[in-house]
Amino acid sequence: MSTAVEHDETFKVLIAGGGVAALEAALALRDLAGDRVGIEMLAPSPEFVYRPMAVREPFAYGPAQRYPLADIAREADVTLREEGFAWVDAPARTAHTDAGAALSYDALLLALGARIQTRYPHAHTVDDRHLDDIMHGLLQDVEAGYVTRLAFVVPGRMGWQLPIYELAMMTVARAYEAGSTLSATIVTPEDAPLAIFGIGASQAVAALLRESSIRVITSAYVEVPQWDTVIVNPGDRRLEVDRVVALPELFGPAVRGLPVAEHGFIPIDSHGKVRDVERVYAAGDATDFAIKHGGIAAQQADVAAEAIAALAGVPLQPRPFTPTIYGMLLTGGRPRYLRARITGGHGFSSEISKEPIWAPPRKIAARYLAPFLERLDERCA
Ligand SMILES: Cc1cc2nc3c(=O)[nH]c(=O)nc-3n(C[C@H](O)[C@H](O)[C@H](O)COP(=O)(O)OP(=O)(O)OC[C@H]3O[C@@H](n4cnc5c(N)ncnc54)[C@H](O)[C@@H]3O)c2cc1C
(Lines give C-alpha, C1' and ligand atoms only; values in the text may rest on other atoms or scores of the structure.)
Protein backbone atom coordinates (compact mmCIF):
# COMPACT_ATOMS: atom_id res chain seq x y z
CA MET A 1 0.00 0.00 0.00
CA SER A 2 1.16 3.57 -0.71
CA THR A 3 1.38 5.86 2.31
CA ALA A 4 0.83 9.60 2.34
CA VAL A 5 3.98 11.75 2.30
CA GLU A 6 5.13 14.10 5.07
CA HIS A 7 3.78 17.63 4.69
CA ASP A 8 7.06 19.44 4.04
CA GLU A 9 8.00 17.41 0.95
CA THR A 10 6.94 18.49 -2.52
CA PHE A 11 4.99 15.67 -4.04
CA LYS A 12 5.76 15.19 -7.75
CA VAL A 13 2.71 14.63 -9.92
CA LEU A 14 3.25 13.84 -13.56
CA ILE A 15 0.24 14.24 -15.85
CA ALA A 16 0.42 12.76 -19.35
CA GLY A 17 -2.02 14.40 -21.78
CA GLY A 18 -3.20 17.88 -22.70
CA GLY A 19 -6.95 17.39 -23.08
CA VAL A 20 -9.98 17.77 -20.84
CA ALA A 21 -8.99 15.16 -18.24
CA ALA A 22 -5.38 16.35 -17.98
CA LEU A 23 -6.28 20.03 -17.57
CA GLU A 24 -9.14 19.39 -15.18
CA ALA A 25 -6.85 17.21 -13.03
CA ALA A 26 -4.12 19.85 -12.97
CA LEU A 27 -6.54 22.61 -11.94
CA ALA A 28 -8.22 20.39 -9.32
CA LEU A 29 -4.88 19.33 -7.84
CA ARG A 30 -3.65 22.87 -7.63
CA ASP A 31 -6.84 23.84 -5.80
CA LEU A 32 -6.86 20.85 -3.45
CA ALA A 33 -3.17 20.50 -2.70
CA GLY A 34 -1.76 24.01 -3.31
CA ASP A 35 2.03 24.02 -3.26
CA ARG A 36 2.30 20.59 -1.63
CA VAL A 37 2.38 19.25 -5.18
CA GLY A 38 4.67 20.04 -8.08
CA ILE A 39 2.83 19.33 -11.34
CA GLU A 40 4.52 18.49 -14.62
CA MET A 41 2.47 17.93 -17.76
CA LEU A 42 3.65 15.87 -20.71
CA ALA A 43 1.79 16.81 -23.87
CA PRO A 44 2.91 16.35 -27.48
CA SER A 45 0.70 19.13 -28.88
CA PRO A 46 1.06 22.81 -27.86
CA GLU A 47 -2.71 23.44 -27.87
CA PHE A 48 -5.84 22.37 -26.06
CA VAL A 49 -8.59 21.98 -28.65
CA TYR A 50 -12.22 22.31 -27.57
CA ARG A 51 -13.27 19.24 -29.54
CA PRO A 52 -17.10 19.35 -29.19
CA MET A 53 -17.31 22.58 -31.19
CA ALA A 54 -15.74 20.84 -34.20
CA VAL A 55 -19.25 19.70 -35.19
CA ARG A 56 -20.07 23.30 -36.12
CA GLU A 57 -17.05 23.75 -38.40
CA PRO A 58 -18.66 22.33 -41.57
CA PHE A 59 -21.60 24.71 -41.03
CA ALA A 60 -19.39 27.79 -41.35
CA TYR A 61 -19.40 28.76 -37.66
CA GLY A 62 -15.59 29.00 -37.61
CA PRO A 63 -13.11 26.58 -36.07
CA ALA A 64 -13.36 24.96 -32.63
CA GLN A 65 -11.62 27.08 -29.99
CA ARG A 66 -7.93 26.40 -29.36
CA TYR A 67 -6.05 27.48 -26.26
CA PRO A 68 -2.24 27.50 -25.95
CA LEU A 69 -1.34 24.93 -23.29
CA ALA A 70 1.54 27.15 -22.20
CA ASP A 71 -0.93 29.87 -21.10
CA ILE A 72 -3.03 27.41 -19.12
CA ALA A 73 0.08 25.81 -17.59
CA ARG A 74 1.39 29.19 -16.47
CA GLU A 75 -1.88 30.08 -14.75
CA ALA A 76 -2.09 26.70 -13.00
CA ASP A 77 1.61 26.70 -12.06
CA VAL A 78 2.27 23.57 -14.11
CA THR A 79 5.59 22.78 -15.79
CA LEU A 80 4.85 21.90 -19.40
CA ARG A 81 6.98 19.48 -21.36
CA GLU A 82 6.15 19.20 -25.06
CA GLU A 83 6.81 15.47 -25.39
CA GLY A 84 4.70 12.35 -25.60
CA PHE A 85 4.44 9.78 -22.85
CA ALA A 86 5.80 6.42 -24.07
CA TRP A 87 5.68 3.85 -21.25
CA VAL A 88 5.91 3.42 -17.52
CA ASP A 89 8.12 1.42 -15.19
CA ALA A 90 5.69 1.47 -12.24
CA PRO A 91 7.87 -0.38 -9.70
CA ALA A 92 10.63 2.21 -10.33
CA ARG A 93 8.04 5.08 -10.37
CA THR A 94 9.48 6.26 -13.67
CA ALA A 95 7.69 7.40 -16.81
CA HIS A 96 9.50 7.33 -20.14
CA THR A 97 8.85 9.86 -22.88
CA ASP A 98 8.93 9.35 -26.64
CA ALA A 99 12.05 11.56 -26.71
CA GLY A 100 13.85 9.10 -24.41
CA ALA A 101 13.66 11.02 -21.12
CA ALA A 102 13.05 9.12 -17.87
CA LEU A 103 10.92 11.11 -15.40
CA SER A 104 10.44 10.07 -11.79
CA TYR A 105 7.11 10.70 -10.08
CA ASP A 106 5.28 10.27 -6.78
CA ALA A 107 1.99 9.92 -8.66
CA LEU A 108 1.34 9.56 -12.37
CA LEU A 109 -1.98 10.45 -14.03
CA LEU A 110 -2.57 9.21 -17.56
CA ALA A 111 -5.09 11.27 -19.54
CA LEU A 112 -4.11 10.16 -23.02
CA GLY A 113 -7.54 10.08 -24.70
CA ALA A 114 -8.72 7.38 -27.09
CA ARG A 115 -7.48 6.42 -30.54
CA ILE A 116 -9.95 6.96 -33.37
CA GLN A 117 -10.37 4.13 -35.86
CA THR A 118 -12.50 4.11 -38.99
CA ARG A 119 -15.08 1.33 -38.80
CA TYR A 120 -16.60 1.73 -42.25
CA PRO A 121 -14.25 2.53 -45.16
CA HIS A 122 -17.26 3.41 -47.36
CA ALA A 123 -18.59 6.11 -45.03
CA HIS A 124 -17.52 9.64 -44.08
CA THR A 125 -16.04 8.98 -40.62
CA VAL A 126 -16.41 11.71 -38.01
CA ASP A 127 -12.88 12.79 -37.11
CA ASP A 128 -12.87 16.14 -35.35
CA ARG A 129 -9.36 16.95 -36.62
CA HIS A 130 -10.73 17.30 -40.19
CA LEU A 131 -14.49 17.53 -39.85
CA ASP A 132 -14.82 20.52 -42.14
CA ASP A 133 -12.91 18.70 -44.93
CA ILE A 134 -14.98 15.56 -44.36
CA MET A 135 -18.41 17.20 -44.34
CA HIS A 136 -18.03 20.35 -46.44
CA GLY A 137 -18.42 18.78 -49.90
CA LEU A 138 -21.23 16.59 -48.64
CA LEU A 139 -23.14 19.61 -47.33
CA GLN A 140 -22.68 21.42 -50.64
CA ASP A 141 -24.15 18.38 -52.41
CA VAL A 142 -27.08 18.38 -49.95
CA GLU A 143 -27.71 22.10 -50.56
CA ALA A 144 -27.53 21.62 -54.32
CA GLY A 145 -29.94 18.68 -54.16
CA TYR A 146 -27.44 16.07 -55.47
CA VAL A 147 -27.58 14.17 -52.17
CA THR A 148 -31.13 13.51 -50.94
CA ARG A 149 -30.76 10.38 -48.78
CA LEU A 150 -28.27 10.27 -45.92
CA ALA A 151 -27.60 7.67 -43.25
CA PHE A 152 -25.88 8.59 -39.98
CA VAL A 153 -24.58 5.42 -38.36
CA VAL A 154 -23.12 4.48 -35.00
CA PRO A 155 -20.88 1.41 -34.92
CA GLY A 156 -21.43 -1.39 -32.40
CA ARG A 157 -18.55 -0.28 -30.20
CA MET A 158 -19.89 3.13 -29.37
CA GLY A 159 -17.74 6.15 -28.56
CA TRP A 160 -19.12 9.64 -28.18
CA GLN A 161 -22.83 9.74 -29.13
CA LEU A 162 -23.78 13.43 -29.27
CA PRO A 163 -21.97 14.38 -32.51
CA ILE A 164 -23.87 11.99 -34.79
CA TYR A 165 -27.22 13.39 -33.59
CA GLU A 166 -25.92 16.95 -33.89
CA LEU A 167 -24.58 16.40 -37.40
CA ALA A 168 -27.87 14.81 -38.50
CA MET A 169 -30.02 17.64 -37.09
CA MET A 170 -27.75 20.41 -38.33
CA THR A 171 -27.56 18.86 -41.81
CA VAL A 172 -31.35 18.57 -42.02
CA ALA A 173 -31.72 22.18 -40.85
CA ARG A 174 -29.22 23.28 -43.50
CA ALA A 175 -31.09 21.36 -46.24
CA TYR A 176 -34.35 22.99 -45.13
CA GLU A 177 -32.77 26.48 -45.26
CA ALA A 178 -31.45 25.72 -48.75
CA GLY A 179 -34.90 24.55 -49.87
CA SER A 180 -33.63 21.06 -50.75
CA THR A 181 -35.17 17.71 -49.92
CA LEU A 182 -33.29 15.42 -47.56
CA SER A 183 -34.29 12.12 -46.06
CA ALA A 184 -32.04 11.36 -43.07
CA THR A 185 -31.87 8.15 -41.05
CA ILE A 186 -29.88 7.52 -37.86
CA VAL A 187 -28.99 3.88 -37.25
CA THR A 188 -27.69 3.09 -33.79
CA PRO A 189 -27.13 0.19 -31.39
CA GLU A 190 -28.67 2.29 -28.57
CA ASP A 191 -32.10 1.06 -27.48
CA ALA A 192 -33.43 4.65 -27.76
CA PRO A 193 -31.91 7.90 -29.10
CA LEU A 194 -29.26 9.16 -26.65
CA ALA A 195 -30.45 6.51 -24.18
CA ILE A 196 -27.51 7.28 -21.90
CA PHE A 197 -29.31 10.49 -20.87
CA GLY A 198 -32.23 8.47 -19.44
CA ILE A 199 -35.80 7.86 -20.55
CA GLY A 200 -37.24 11.41 -20.19
CA ALA A 201 -34.45 13.12 -22.16
CA SER A 202 -34.31 10.33 -24.71
CA GLN A 203 -38.06 10.59 -25.42
CA ALA A 204 -37.75 14.35 -25.86
CA VAL A 205 -34.82 13.86 -28.26
CA ALA A 206 -36.89 11.26 -30.18
CA ALA A 207 -39.67 13.88 -30.50
CA LEU A 208 -37.17 16.48 -31.73
CA LEU A 209 -35.89 14.04 -34.34
CA ARG A 210 -39.45 13.31 -35.47
CA GLU A 211 -40.08 17.07 -35.82
CA SER A 212 -37.02 17.23 -38.06
CA SER A 213 -38.33 14.20 -40.03
CA ILE A 214 -35.22 12.21 -39.07
CA ARG A 215 -35.94 8.50 -38.93
CA VAL A 216 -34.19 6.53 -36.18
CA ILE A 217 -33.51 2.80 -36.25
CA THR A 218 -32.44 1.64 -32.77
CA SER A 219 -30.92 -1.60 -31.39
CA ALA A 220 -29.30 -2.06 -34.78
CA TYR A 221 -25.86 -3.07 -36.00
CA VAL A 222 -24.84 -1.97 -39.45
CA GLU A 223 -22.50 -2.88 -42.25
CA VAL A 224 -21.67 -0.42 -45.02
CA PRO A 225 -20.59 -2.58 -47.98
CA GLN A 226 -20.71 0.36 -50.46
CA TRP A 227 -20.97 4.14 -50.36
CA ASP A 228 -24.69 3.96 -51.12
CA THR A 229 -25.77 0.95 -49.06
CA VAL A 230 -26.32 0.27 -45.39
CA ILE A 231 -27.19 -3.23 -44.18
CA VAL A 232 -29.14 -3.11 -40.91
CA ASN A 233 -28.98 -6.09 -38.55
CA PRO A 234 -30.67 -7.99 -37.06
CA GLY A 235 -32.91 -8.51 -40.08
CA ASP A 236 -30.42 -8.02 -42.93
CA ARG A 237 -32.40 -4.95 -44.03
CA ARG A 238 -30.94 -2.90 -46.87
CA LEU A 239 -31.10 0.92 -46.86
CA GLU A 240 -30.41 2.57 -50.19
CA VAL A 241 -28.83 6.00 -49.56
CA ASP A 242 -26.60 8.49 -51.35
CA ARG A 243 -23.96 8.73 -48.60
CA VAL A 244 -23.21 7.50 -45.10
CA VAL A 245 -21.75 9.46 -42.18
CA ALA A 246 -20.38 7.27 -39.37
CA LEU A 247 -18.89 7.65 -35.94
CA PRO A 248 -15.46 6.06 -35.53
CA GLU A 249 -14.67 3.26 -33.10
CA LEU A 250 -12.52 4.20 -30.15
CA PHE A 251 -9.59 2.23 -28.76
CA GLY A 252 -7.47 2.71 -25.68
CA PRO A 253 -3.75 3.55 -25.66
CA ALA A 254 -2.61 0.04 -24.52
CA VAL A 255 0.10 1.44 -22.26
CA ARG A 256 3.31 -0.55 -22.00
CA GLY A 257 3.99 -1.35 -18.35
CA LEU A 258 0.34 -1.39 -17.21
CA PRO A 259 -2.53 -3.87 -17.28
CA VAL A 260 -4.64 -3.53 -20.41
CA ALA A 261 -8.45 -3.92 -20.49
CA GLU A 262 -10.44 -4.91 -23.58
CA HIS A 263 -9.61 -2.88 -26.71
CA GLY A 264 -6.53 -1.31 -25.11
CA PHE A 265 -8.29 0.80 -22.46
CA ILE A 266 -6.72 1.40 -19.04
CA PRO A 267 -8.53 -0.46 -16.23
CA ILE A 268 -9.27 1.80 -13.25
CA ASP A 269 -11.06 1.51 -9.91
CA SER A 270 -13.67 3.92 -8.50
CA HIS A 271 -10.92 6.37 -7.42
CA GLY A 272 -9.27 6.44 -10.83
CA LYS A 273 -6.34 4.28 -9.72
CA VAL A 274 -5.04 1.85 -12.31
CA ARG A 275 -5.97 -1.61 -11.08
CA ASP A 276 -3.18 -3.46 -9.29
CA VAL A 277 -0.66 -0.66 -9.81
CA GLU A 278 0.41 1.73 -7.05
CA ARG A 279 0.58 5.49 -7.64
CA VAL A 280 -0.66 5.37 -11.23
CA TYR A 281 -4.07 6.89 -12.05
CA ALA A 282 -5.99 7.42 -15.28
CA ALA A 283 -8.96 9.52 -16.39
CA GLY A 284 -11.00 10.24 -19.50
CA ASP A 285 -11.50 8.48 -22.81
CA ALA A 286 -8.38 6.33 -22.28
CA THR A 287 -9.97 4.44 -19.38
CA ASP A 288 -12.18 1.35 -19.43
CA PHE A 289 -15.28 3.29 -18.28
CA ALA A 290 -17.85 2.62 -21.02
CA ILE A 291 -19.05 6.20 -21.54
CA LYS A 292 -16.68 8.43 -23.47
CA HIS A 293 -17.69 12.04 -22.87
CA GLY A 294 -15.87 15.24 -21.92
CA GLY A 295 -17.93 15.89 -18.80
CA ILE A 296 -17.32 12.33 -17.64
CA ALA A 297 -13.58 12.70 -18.34
CA ALA A 298 -13.58 15.80 -16.12
CA GLN A 299 -15.39 14.03 -13.27
CA GLN A 300 -12.94 11.14 -13.46
CA ALA A 301 -10.10 13.67 -13.33
CA ASP A 302 -11.62 15.31 -10.21
CA VAL A 303 -11.89 11.92 -8.49
CA ALA A 304 -8.29 11.00 -9.35
CA ALA A 305 -7.09 14.44 -8.23
CA GLU A 306 -8.69 13.92 -4.82
CA ALA A 307 -7.06 10.49 -4.47
CA ILE A 308 -3.68 11.94 -5.46
CA ALA A 309 -4.08 14.91 -3.11
CA ALA A 310 -4.81 12.50 -0.22
CA LEU A 311 -1.70 10.52 -1.17
CA ALA A 312 0.24 13.78 -1.07
CA GLY A 313 -0.88 14.31 2.53
CA VAL A 314 -3.86 16.62 2.08
CA PRO A 315 -6.37 15.81 4.84
CA LEU A 316 -9.39 14.85 2.76
CA GLN A 317 -11.48 11.76 2.21
CA PRO A 318 -11.34 11.03 -1.54
CA ARG A 319 -14.78 10.52 -3.05
CA PRO A 320 -15.50 7.63 -5.42
CA PHE A 321 -16.68 8.22 -8.99
CA THR A 322 -20.48 8.73 -9.13
CA PRO A 323 -21.01 10.08 -12.64
CA THR A 324 -23.57 12.54 -13.91
CA ILE A 325 -23.66 13.14 -17.64
CA TYR A 326 -24.31 16.64 -19.01
CA GLY A 327 -24.92 17.13 -22.72
CA MET A 328 -25.55 20.27 -24.70
CA LEU A 329 -27.16 19.06 -27.91
CA LEU A 330 -26.76 21.32 -30.95
CA THR A 331 -29.84 21.04 -33.12
CA GLY A 332 -29.41 23.59 -35.90
CA GLY A 333 -31.86 25.76 -33.91
CA ARG A 334 -32.05 26.26 -30.18
CA PRO A 335 -29.76 23.85 -28.28
CA ARG A 336 -31.08 21.43 -25.67
CA TYR A 337 -29.45 20.78 -22.29
CA LEU A 338 -29.54 17.18 -21.04
CA ARG A 339 -28.52 15.74 -17.71
CA ALA A 340 -28.72 12.31 -16.05
CA ARG A 341 -27.11 10.42 -13.21
CA ILE A 342 -25.42 7.28 -14.46
CA THR A 343 -25.62 3.93 -12.80
CA GLY A 344 -24.56 0.62 -14.33
CA GLY A 345 -24.11 2.28 -17.73
CA HIS A 346 -27.69 3.70 -17.76
CA GLY A 347 -29.03 7.20 -17.19
CA PHE A 348 -31.67 7.96 -14.58
CA SER A 349 -33.12 11.13 -13.01
CA SER A 350 -33.19 12.33 -16.58
CA GLU A 351 -33.71 16.01 -17.46
CA ILE A 352 -33.90 18.00 -20.68
CA SER A 353 -34.40 21.74 -21.03
CA LYS A 354 -34.18 24.58 -23.53
CA GLU A 355 -32.50 26.62 -20.79
CA PRO A 356 -29.03 25.86 -19.39
CA ILE A 357 -29.22 23.53 -16.37
CA TRP A 358 -25.58 23.85 -15.33
CA ALA A 359 -23.17 26.75 -15.08
CA PRO A 360 -21.26 27.89 -16.97
CA PRO A 361 -23.36 26.33 -19.74
CA ARG A 362 -20.45 25.06 -21.83
CA LYS A 363 -20.44 21.91 -23.98
CA ILE A 364 -18.02 20.25 -21.58
CA ALA A 365 -19.29 20.52 -18.02
CA ALA A 366 -16.18 20.51 -15.82
CA ARG A 367 -15.94 21.80 -12.26
CA TYR A 368 -12.61 23.58 -12.71
CA LEU A 369 -11.93 23.69 -16.44
CA ALA A 370 -15.26 25.20 -17.53
CA PRO A 371 -15.07 28.36 -15.36
CA PHE A 372 -11.33 28.60 -16.09
CA LEU A 373 -11.96 28.67 -19.87
CA GLU A 374 -14.83 31.09 -19.31
CA ARG A 375 -12.41 33.51 -17.66
CA LEU A 376 -9.82 33.04 -20.44
CA ASP A 377 -12.50 33.74 -23.07
CA GLU A 378 -13.67 36.86 -21.24
CA ARG A 379 -10.11 38.14 -21.05
CA CYS A 380 -9.58 37.56 -24.79
CA ALA A 381 -12.96 39.07 -25.79
C1 LIG B 1 -16.96 15.82 -32.52
C2 LIG B 1 -17.02 15.58 -31.04
C3 LIG B 1 -18.05 16.13 -30.28
C4 LIG B 1 -18.10 15.92 -28.90
N5 LIG B 1 -19.08 16.52 -28.17
C6 LIG B 1 -19.05 16.46 -26.82
C7 LIG B 1 -19.95 17.22 -26.03
O8 LIG B 1 -20.82 17.92 -26.55
N9 LIG B 1 -19.83 17.16 -24.68
C10 LIG B 1 -18.88 16.42 -24.07
O11 LIG B 1 -18.80 16.43 -22.83
N12 LIG B 1 -18.01 15.67 -24.79
C13 LIG B 1 -18.06 15.68 -26.15
N14 LIG B 1 -17.16 14.98 -26.88
C15 LIG B 1 -16.23 14.06 -26.22
C16 LIG B 1 -15.06 14.77 -25.59
O17 LIG B 1 -14.42 15.65 -26.51
C18 LIG B 1 -14.06 13.72 -25.11
O19 LIG B 1 -14.74 12.77 -24.32
C20 LIG B 1 -12.98 14.38 -24.29
O21 LIG B 1 -12.20 15.21 -25.13
C22 LIG B 1 -12.09 13.34 -23.61
O23 LIG B 1 -11.10 14.00 -22.91
P24 LIG B 1 -9.70 13.28 -22.64
O25 LIG B 1 -8.88 14.28 -21.91
O26 LIG B 1 -9.92 11.96 -22.05
O27 LIG B 1 -9.09 13.00 -24.08
P28 LIG B 1 -8.70 14.01 -25.23
O29 LIG B 1 -9.54 15.22 -25.21
O30 LIG B 1 -8.69 13.16 -26.46
O31 LIG B 1 -7.22 14.45 -24.85
C32 LIG B 1 -6.16 13.54 -24.92
C33 LIG B 1 -4.89 14.34 -24.80
O34 LIG B 1 -3.79 13.46 -24.68
C35 LIG B 1 -2.76 13.88 -25.57
N36 LIG B 1 -1.95 12.70 -25.89
C37 LIG B 1 -2.20 11.74 -26.78
N38 LIG B 1 -1.20 10.84 -26.78
C39 LIG B 1 -0.32 11.26 -25.82
C40 LIG B 1 0.93 10.76 -25.35
N41 LIG B 1 1.48 9.66 -25.85
N42 LIG B 1 1.56 11.45 -24.37
C43 LIG B 1 1.01 12.58 -23.84
N44 LIG B 1 -0.16 13.10 -24.28
C45 LIG B 1 -0.81 12.43 -25.26
C46 LIG B 1 -3.49 14.48 -26.75
O47 LIG B 1 -2.65 15.35 -27.47
C48 LIG B 1 -4.62 15.21 -26.02
O49 LIG B 1 -4.16 16.46 -25.57
C50 LIG B 1 -17.10 15.14 -28.28
C51 LIG B 1 -16.07 14.59 -29.05
C52 LIG B 1 -16.03 14.81 -30.40
C53 LIG B 1 -14.89 14.23 -31.20
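Order of appearance sets the numbers: ligands from 1, and atoms from 1 within every ligand.
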Take F265 and F251 through the ring pair (Phe, Tyr, Trp, His ring centres under 6.0 Å) test and state the conclusion after the steps.
CA-CA 7 Å; F265 291 106; F251 289 85; 7.3 Å; no

State plainly whether one hydrophobic cluster holds both L373 and L80, where clusters connect Ile, Leu, Val, Met, Phe, Trp and Tyr through side-chain heavy atoms under 4.5 angstrom apart.
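As far as the 4.5 Å side-chain criterion goes, L80 and L373 are connected within one cluster.
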
Check: [X] N/O within less than 3.5 Å of ligand 1 N/O:
X: G295; value: yes
X: P163; value: no
X: K292; value: no
X: H293; value: yes
X: A297; value: no
X: V55; value: no

Any atoms of ligand 1 less than 4.0 Å from a non-hydrogen atom of G84? List them with their elements.
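By the 4.0 Å cutoff, the relevant atoms are 42 (N).
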
When you check the gap from the basic side-chain N to the acidic O, do [X] and [Y] get nearer than 4.0 Å?
X: D141; Y: R243; answer: yes
X: R149; Y: D242; answer: yes
X: E166; Y: R336; answer: no

Please state which protein non-hydrogen atom is closest to [atom] and give its distance, to 0.1 Å?
atom: atom 44 (N) of ligand 1; answer: P44 CD, 3.1 Å
atom: atom 23 (O) of ligand 1; answer: V20 CB, 3.7 Å
atom: atom 31 (O) of ligand 1; answer: G19 CA, 3.4 Å
atom: atom 30 (O) of ligand 1; answer: R51 NH1, 2.7 Å
atom: atom 15 (C) of ligand 1; answer: W160 CD1, 3.4 Å
atom: atom 25 (O) of ligand 1; answer: A21 N, 2.9 Å

Once the angle between the rings of H96 and W87 is folded into 0 to 90°, is it parallel (under 30°), tilted (30 to 60°) or perpendicular (over 60°)?
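Plane angle under 30°, so parallel.
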
Under-4.0 Å heavy-atom contact with ligand 1, by part of L162 that carries it
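Just the side chain.
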
Heavy-atom contact check, 4.0 Å cutoff: does A54 meet ligand 1?
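For ligand 1, residue contact (heavy atoms, under 4.0 Å) with A54 is absent.
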
With the threshold set strictly below 4.0 angstrom, can you tell me whether any protein non-hydrogen atom sits that near atom 46 (C) of ligand 1?
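No, because not a single protein heavy atom sits under 4.0 Å from atom 46 (C) of ligand 1.
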
